[in-house]
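What you see is a predicted model; the values in this text were computed from it and never measured. Numbers restart at 1 for each chain; the letters A, B, ... are given by sequence-line order, proteins then strands.
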There are 2 protein chains.
Amino acid sequence: MQQGYLGSGLKHISQISQAPIGSLYHFFPGGKTELAAETLKASGGAYQELVEAVFDAAPDIVSGTRDCFQAAAETLRRSDYADACPIATVALEVASSDETLREVTAEIFESWTESATSRFTAGGVEPARARELATVFLATLEGGFLLSRAAKDATTMELLGHSMVELVETAVRR
Amino acid sequence: MQQGYLGSGLKHISQISQAPIGSLYHFFPGGKTELAAETLKASGGAYQELVEAVFDAAPDIVSGTRDCFQAAAETLRRSDYADACPIATVALEVASSDETLREVTAEIFESWTESATSRFTAGGVEPARARELATVFLATLEGGFLLSRAAKDATTMELLGHSMVELVETAVRR
DNA sequence: TTGCCACTAGAATGATCGTTCTAGCCGGTG
DNA sequence: CACCGGCTAGAACGATCATTCTAGTGGCAA
């Protein structure tokens with residue numbers, strides 16, 4: 001799915017997943033669209049759990065924020081800038097062409113935002129401000145994936161991490 | 001190009017551009033890759049000029065920043081969330097599959113970042129900080145395009161604009 | 001006028017796409 | 001044993017992809 005929706009051929013998927021095409025259509029009668037929707041939901045949920053695990057392991061939300069961006073930067077480097085956000089590429093591809101999948105991506109981003117909002121709230125940020133901060137957090141992370149992948153340079157992600165950490169710090173202190 | 005690289009068929013391009021396929025290959029012997037590269041450069045340059053025009057019309061970089069995000073939000077609404085960043089979709093699509101086009105997208109983002117950096121420097125931000133601020137500016141804008149398009153909700157872009165404006169304000173004041 | 005070259009025009013080609021279809025395997029139940 | 005449904009397996013199909021090729025047009029230069 002890292003190759004995007006249109007870049008992922010069903011034949012190729014059946015090969016790497018060791019599943020014949022007939023099985024794909026047996027489990028996903030809706031065809032490629034349904035398969036993509038389920039894949040998006042699954043990887044969206046997995047990524048959310050990953051981020052929550054990072055925050056769980058951190059002593060506070062400032063450290064958690066720093067660790068998230070640092071982990072993202074290291075993952076990019078380790079995978080030669082292939083392993084990034086599993087949703088963004090598809091989200092942009094389908095935003096104006098497939099309403100079903102667009103809604104799926106919107107729900108995932110909303111779920112992520114809510115998750116981050118409750119994290120920040122629990123960390124001492126006032127509720128109204130926490131939602132804003134969560135949105136900025138997500139947008140910055142996504143922008144970082146885009147710019148880092150294009151330039152094959154993870155220092156961009158680290159730089160954005162520093163900026164985001166400062167924002168969280170000020171939000172906690174006031 | 002708003003449909004992405006893989007989503008844009010050459011046959012469809014020849015129809016809407018009123019140019020036969022033979023002409024496309026006459027002017028772009030490199031085929032679809034070369035055509036995409038030139039289109040990316042052209043629209044990347046046009047978008048940069050658009051942003052610079054917004055900053056030119058604004059009294060200072062704080063207002064310019066606010067106007068940029070506001071204009072982006074309005075453009076999204078007016079186009080039913082189709083008219084956004086002309087580079088991002090393709091950049092994510094080709095980042096791990098087409099090195100030639102990846103480099104083109106990287107150069108465009110670099111050019112945008114340099115443009116914003118000199119803007120912020122001219123506006124009173126110290127040079128080292130200006131580059132950081134420009135990167136955050138671009139990442140936030142790109143993240144905003146992604147989230148706003150997925151949710152079909154431009155208030156996300158406006159919210160990010162407010163956050164970015166605050167960041168520019170503090171950068172100017174210190 | 002004649003010749004040439006840039007360019008137009010779209011049919012032909014082979015590969016690949018998503019989807020459907022046919023056939024058969026395999027394990028549990030009657 | 002016979003049977004049946006869940007699942008496997010991939011060939012077949014029509015559409016569409018990027019690319020190449022063949023013809024022909026139109027204007028400029030000699």
- Is A:K32 close enough and on-axis enough to A:Y25, meaning under 6.0 Å and within 45°, for cation-pi? no
Could you check how far [atom1] of [X] sits from [atom2] of [N], rounded to whole Å?
X: B:H12; N: D:dT19; atom1: NE2; atom2: P; value: 18 Å
X: A:L35; N: C:dT19; atom1: CG; atom2: C1'; value: 13 Å
X: B:Y25; N: C:dA6; atom1: OH; atom2: P; value: 20 Å
X: B:I13; N: D:dA18; atom1: CD1; atom2: P; value: 7 Å
X: B:Q15; N: C:dT8; atom1: CD; atom2: C1'; value: 16 Å
X: A:Q3; N: C:dC17; atom1: CD; atom2: C1'; value: 16 Å
X: B:I21; N: C:dT13; atom1: CD1; atom2: P; value: 15 Å
X: B:E34; N: D:dA18; atom1: CD; atom2: C1'; value: 15 Å

- Note on the structure: Judged by nearest nucleotide, the residue sitting upstream toward the 5' end of DNA chain D, A:A19 or B:K11, is A:A19
- Query: Choosing from D:dT8, C:dT19, D:dA18, which nucleotide comes nearest the side chain of B:K32?
  - Reply: D:dA18
- Task: Measure from the side chain of B:H26, starting at C-beta and using heavy atoms only, and say which of C:dC7, D:dT20, D:dG6 lies closest.
- Result: C:dC7
- Query: When all nucleic acid strands are considered with a 4.0 Å heavy-atom cut-off, which category describes A:G22: base, sugar-phosphate, or nothing?
  - Reply: base
- Query: If only side-chain N and O atoms of B:S23 are considered, is one of them under 4.0 Å from the OP1 or OP2 phosphate oxygen of C:dT8?
  - Reply: yes
- Item | Short side-chain to backbone donor-acceptor contact, A:T65 and A:I61, under 3.5 Å | yes
- Message: I want to know whether A:F137 and A:F69 have ring centres closer than 6.0 Å.
- Response: yes
- Test item: side-chain donor near acceptor, B:S163 and A:E132, under 3.5 Å: no
